[in-house]
Amino acid sequence: QVQLVESGGGLVQAGGSLRLSCAASVRTFSRYTMGWFRQAPGKEREFVAAISRDGSSTNYADPVKGRFTVSRDNAKNTVYLQMNSLKSEDTAVYYCAADSSYGLSYRASTYNYWGQGTQVTVSS
């Protein structure tokens, strides 16, 4: 069982930055691909970014490429999402997720474990 807890969300003005963290309570954190997803009101959950087990490979959704950076610290069992140049359309609840299979999937169904989410609100 993997428990994930996100933090770092909040209210920020357009153009600003936030750094989300996701702490995992599992001894084998390095065996999981980690992903970030988001869900805006009235919309389906969508892929944001994913990072491989060792952090050497990443995958990003087109709307966030060049603005968001995903990273991980396996010694701290934590994955991060640095969000820069935030836009109002980035407003959503952000979730981290763990995938025990290989690959950098953008499909939510691939991920086995999910956090509770953290709210990010970008004011224009």
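This chain uses plain numbering: 1 for the first residue, then up along the sequence. Every value quoted in this text rests on a predicted model; they were computed, and no experiment measured them.
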For the residue pair A24 and L4, what are the closest heavy atoms and their distance? CB-CD2, 3.6 Å

Which heavy atom of Y111 sits nearest a heavy atom of S105, and at what distance? OH-O, 2.7 Å

Which heavy-atom pair separates G8 from L18 by the least distance, and what is that distance? O-CD2, 3.8 Å

Note, E6 side chain near L20 side chain (heavy atom, < 4.5 Å): no

Summary of salt bridge (charged side-chain N to carboxylate O under 4.0 Å, His left out) pairs that have at least one residue in residues 45-57, sequence neighbours excluded: R38-E46

Between the CD1 atom in I51 and the CG atom in N59, the distance rounded to the nearest 0.5 Å is 11.0 Å

Quick check: is V26 connected to M34 through a chain of hydrophobic side chains (ILVMFWY, heavy atoms under 4.5 Å apart)? yes

With salt bridge (charged side-chain N to carboxylate O under 4.0 Å, His left out) as the rule and sequence neighbours excluded, what pairs involving residues 67-82 come up? R67-D90

If you count every heavy atom of other residues, nucleotides or ligands that lies below 6.0 Å from Y106 atom OH, does the total exceed 12? no

Quick check: is Y113 connected to F29 through a chain of hydrophobic side chains (ILVMFWY, heavy atoms under 4.5 Å apart)? yes

Any idea which heavy atoms bring V12 and G16 closest together, and the distance? CG2-CA, 3.9 Å

Cluster question for you: counting only ILVMFWY and a side-chain heavy-atom cut-off of under 4.5 Å, with indirect links fine, are V93 and W114 together? yes

State, to 0.1 Å, how close S124 and S88 come at their nearest heavy-atom pair, and which atoms those are. CB-CB, 4.3 Å

Applying ring pair (Phe, Tyr, Trp, His ring centres under 6.0 Å) as the test, list every pair that has at least one member in residues 40-97; sequence neighbours left out. F37-F47

Are the side chains of R27 and N77 in touch, meaning some heavy atoms are under 4.5 Å apart? no

In this structure, OG of S100 is separated from OH of Y32 (nearest 0.5 Å) by 6.0 Å

Can you confirm whether more than 12 heavy atoms, excluding those of Q116, are under 6.0 Å from its CD atom? no

Of all the heavy-atom pairs spanning S57 and L104, show the shortest one and how long it is. CB-CD1, 3.7 Å

